There are 2 protein chains.
Amino acid sequence: MSESRALQLETALRDAGVRITRQRKLLLSVLADCADHPDATELHRRAEAAGAGVSLATVYRTLTTLQAQGVIEKLEFQGEPARWEPADQHHHDHMIDVETGQVIEFTNDRIERLQAEIAAEMGYEIVHHRLELYVRRKPTA
Amino acid sequence: MSESRALQLETALRDAGVRITRQRKLLLSVLADCADHPDATELHRRAEAAGAGVSLATVYRTLTTLQAQGVIEKLEFQGEPARWEPADQHHHDHMIDVETGQVIEFTNDRIERLQAEIAAEMGYEIVHHRLELYVRRKPTA
DNA sequence: ATACCTGCAAAAAATTTGCACCGAC
DNA sequence: GTCGGTGCAAATTTTTTGCAGGTAT
């Protein structure tokens, strides 16, 4: 399943003129298995753990390439190194639990619409946006 | 005016146990004059331009101190160095014109409320948030 | 007088890049 | 075979820190 997802991407990338090297294959498979939002160093660690070698420089270059192809997305939370996630079909925002560091994804159409309205009112259109809620679990009274 | 604002802050800071040094006075006055959102290097440049000297290390340390005192706020836009703004009485979000880099401040109560609702629905309370709209001027058809 | 602050220069942390070699197509 | 990709190590960029001396209170 995540196996086939990675293969699917390889075809699409090749069609887009991106060469499928051993390192890229490896990173695609590591990314396909991500349930979380790892940074470059962590992805490098996982890739190495998966057996084959990749240099950290190549990890960075590959992430940039895959982002340009729309395959992954870059997340830049407060002051941490950049994290990455497979590009999803549906846009979503992020909630970060400040205690645990856990990242929760969510969507809300009303917020999306309001953002577009606000921009439009001021004569702009949205290219992209970033909404992050830094939260704490509510005390269960 | 911005003169008195800086003096006002000096008193408050002193009361909070923060020593008012020549360098901090200088930075407070530079910050009070900011209509924009400069980064540490830019603040350093302006401070030097204002006559007296400050080391960049001190600029960084002072910014951290002032942030801890709630006097200024740190902005971290996409991949750029951190920028700073005087802490305002009223919270606001930011719109960044991707063509010009211009930063526009805005507020929207409905968005604020929706955010709180979303967090609450999932059992969280918001500690703080970040909403950035990266926008482009709409073609005036 | 005593902390706390500052400058300098070195260290860190994250990411990028030059260059020679290698491998996908 | 060609052109783009990779590894390595060095460079960049932004920010932090150790230490010796300075200064606000």
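Here is how names work: the chains are called A, B, and so on, in the same order as the sequence lines, proteins then strands, and each is numbered from 1. Since we're looking at a predicted model, the values are computed, not measured. All values below come from the heavy atoms of this structure, side chains included, with hydrogens, waters and symmetry mates left out.
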Any side-chain N or O of A:Q23 less than 4.0 Å from the OP1 or OP2 oxygen of D:dG7? yes
Comparing B:R24 with B:A57, nearest DNA chain C nucleotide closer to 5' gives the residue B:R24
Look at the side-chain N and O atoms of A:Y60 and state whether any lies under 4.0 Å from the OP1 or OP2 oxygen of C:dT15. yes
Report the distance from atom CZ of A:R22 to atom P of C:dC25, rounded to the nearest whole Å. 14 Å
Integer-rounded Å distance: D:dT16 P and B:Q67 CD: 10 Å
A:R14 side chain near C:dC25 phosphate (N/O to OP1/OP2, under 4.0 Å): yes
Identify, between A:T58 and B:D39, the residue whose nearest nucleotide on DNA chain D lies closer to the 5' end. A:T58
Identify which one of A:L133, A:D97, A:V98 satisfies the side chain to side chain contact (heavy atoms under 4.5 Å, CB included) criterion when paired with B:Y124. A:D97
Using atom CG of B:L13 as one end and atom P of D:dA24 as the other, report the distance to the nearest whole Å. 16 Å
CZ of B:R19 versus C1' of D:dA24: gap in Å, rounded? 5 Å
Picking from D:dA24, C:dT17, D:dG4, which would you name as closest to the side chain of B:T21? D:dA24
Any salt bridge between A:R137 and A:E99, counting N to O under 4.0 Å? no
Measure from the side-chain heavy atoms of A:R61 and tell me the nearest of D:dG7, C:dG7, D:dA24. D:dG7
Find the distance A:H44:NE2 to D:dG7:P and express it as a whole number of Å. 8 Å
Is the ring centre of B:H94 less than 6.0 Å from the ring centre of B:F77? yes
Round to a whole Å and report the spacing from CH2 of A:W84 to C1' of C:dA14. 12 Å
Taking the side chain of A:T62 as heavy atoms from C-beta outward, which of D:dT6, D:dT15, D:dT16 is closest to it? D:dT6
On DNA chain D, more 5' by nearest nucleotide between B:E80 and A:G53 is A:G53
Between A:L27 and A:L75, is there a shared hydrophobic cluster once you connect ILVMFWY residues whose side-chain heavy atoms come closer than 4.5 Å? no
Atom CG of A:L43 and atom P of C:dT15: how far apart are they, to the nearest Å? 11 Å
Could you give the CD1-to-C1' distance, from A:I20 to D:dG4, as a whole number of Å? 13 Å
Look at the aromatic rings of B:H128 and A:Y134 and report parallel, tilted or perpendicular, splitting at 30° and 60°. parallel
